[in-house]
Amino acid sequence: MTPATNILISILTLLILTIQTSALPTLDTPSNPAYKPVSNTHTPLRNANHTTDITTIFSSRSTTWQPGEEVTVTIEDGPFFKVVTTTCKPNVWDKEMCTVAYVEKSRWNGWAVLWVYDNQCNLVGYNDHVARNWLAARWSFATSRPMYVDIRIANWWDQNHANGIDIWYGSFHTEPFAHPIKKWRPYLWGGLFPVNENGQVAVAWRAPIVCI
């Protein structure tokens, strides 16, 4: 390869690492409040064409993954840079913890993707067509766990609000960003980041819950 090619590869590698880490602020201390809400659920939902993105998420699942390892999914795979997010970090010694993960892109027109993992990051629930309008009214999410995971995301919620997200599992209830569970704070994360399309963004978060 030519020196120019090597330089270009180095720049692209650095850009990917930046998107994975430093470009992802926490929701309770957003570093870029100028961004607008990702979706407006007061407008009628259109048929969101996010089949390509869902295919990318599916194909990014590692075939060598083992229980106890973190799970990272690719939201977009170019053409300018790869957009990835970690949907689960394991907590192998605490069986009462599960993780709820959420991803929404502005061009999905009010649709989102949800995951639920156990403490070893085994996938116990998944839905890639969840409407924000449903979540505004407390939506029940079926998993392989004995009870439903109920999720409410207020219509007015965006990445600049710590409150507005509620999660229930049986008698357990949490507002993960407004009132974090102290012992599980390292497993709580949320961020807003750019994607390949000009003017478009994605928001993602993951939150620990009690699931026994």
Side-chain angles (χ1 to χ4, degrees), residues 24-30 37-39 41 57 61 65-73 75 84-105 108 111-193 202-212:
L24 306 181
T26 56
L27 282 175
D28 46 349
T29 55
V38 167
S39 68
T41 54
I57 289 172
R61 294 176 178 175
W65 179 87
Q66 297 292 324
E69 297 177 349
E70 70 177 35
V71 177
T72 300
V73 300
I75 302 173
V84 300
T85 186
T86 299
T87 52
C88 184
K89 285 188 172 292
N91 186 6
V92 295
W93 305 113
D94 196 340
K95 293 183 178 181
E96 73 173 7
M97 192 192 92
C98 285
T99 299
V100 177
Y102 174 95
V103 170
E104 181 185 355
K105 284 177 60 178
W108 288 354
W111 294 91
V113 182
L114 279 167
W115 297 260
V116 178
Y117 300 92
D118 68 11
N119 68 306
Q120 296 193 62
C121 290
N122 292 294
L123 185 66
V124 298
Y126 174 77
N127 193 317
D128 58 29
H129 279 75
V130 181
R132 275 289 297 270
N133 281 356
W134 303 345
L135 296 171
R138 181 169 170 171
W139 185 70
S140 293
F141 186 16
T143 72
S144 61
R145 291 295 192 178
M147 293 179 285
Y148 286 95
V149 175
D150 286 5
I151 302 172
R152 185 186 72 87
I153 302 179
N155 271 328
W156 48 262
W157 179 84
D158 64 28
Q159 68 283 346
N160 296 316
H161 290 88
N163 56 345
I165 300 177
D166 294 85
I167 307 174
W168 295 263
Y169 182 80
S171 60
F172 167 81
H173 168 253
T174 182
E175 296 177 80
F177 294 99
H179 305 288
I181 301 170
K182 290 183 179 180
K183 68 174 181 176
W184 291 339
R185 185 63 180 84
Y187 303 94
L188 178 69
W189 174 88
L192 177 81
F193 43 97
V203 65
W205 53 261
R206 63 176 182 268
I209 66 168
V210 172
C211 62
I212 59 171

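This structure is a prediction, so every number in the text was calculated from the model and none was measured.
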Measure the [atom1]-[atom2] distance between [X] and [Y] for me, rounded to the nearest 0.5 Å.
X	Y	atom1	atom2	answer
Trp139	Asn133	CH2	CG	13.0 Å
Arg152	His173	CZ	NE2	7.5 Å
Tyr187	Ile181	OH	CD1	12.5 Å
Met147	Ile212	CE	CD1	9.5 Å
Gln120	Met97	CD	CE	11.0 Å
Leu188	Thr174	CG	OG1	8.0 Å

Apply side chain to side chain contact (heavy atoms under 4.5 Å, CB included) to Val113 and Val73, showing your working. CA-CA 12 Å; Val113 182; Val73 300; over 6 Å; no

If we only count heavy atoms from C-beta on, is the [X] to [Y] side-chain gap below 4.5 Å?
X	Y	value
Lys89	Thr99	no
Trp108	Arg132	no
Ile165	Pro176	yes
Tyr102	Val203	yes
Trp65	Asn122	yes
Asn127	His129	yes
Arg145	Tyr169	yes
Glu96	Cys211	no

Check the pair Trp184 / Asp94 against side chain to side chain contact (heavy atoms under 4.5 Å, CB included), numbers first and verdict last. CA-CA 10 Å; Trp184 291 339; Asp94 196 340; 2.9 Å; yes

Looking at [X] and [Y], would you say the former's side chain and the latter's main chain have a donor-acceptor pair under 3.5 Å?
X	Y	value
Trp157	His161	yes
Arg138	Ile167	no
Asn119	Cys98	no

Are there more than 12 heavy atoms of other residues, nucleotides or ligands under 6.0 Å from atom NZ of Lys95?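 No - once you tally the heavy atoms of other residues, nucleotides and ligands closer than 6.0 Å, there are 12 at most.
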
So does Phe172 have more than 12 non-hydrogen atoms from other groups sitting under 6.0 Å from CZ?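 Correct, the count exceeds 12.
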
Which pair of heavy atoms, one from [X] and one from [Y], lies closest together, and at what distance?
X	Y	result
Ser140	Tyr148	CB-CD2, 4.0 Å
Gly125	Phe141	C-CZ, 3.7 Å
Ala101	Tyr117	CB-CE1, 4.4 Å
Phe193	Ala204	CE2-CB, 4.0 Å
Ala202	Lys105	CB-CG, 3.6 Å

Parallel, tilted or perpendicular, as decided by the 30° and 60° cut-offs, for the rings of Tyr126 and Trp115: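 Geometry flag for Tyr126 against Trp115: tilted rings.
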
From the options Val116, Val130, Val100, Asp166, select the one residue that forms a side-chain contact (heavy atoms from CB on, under 4.5 Å) with Ile151.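 Result for side-chain contact (heavy atoms from CB on, under 4.5 Å) with Ile151: Val100.
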
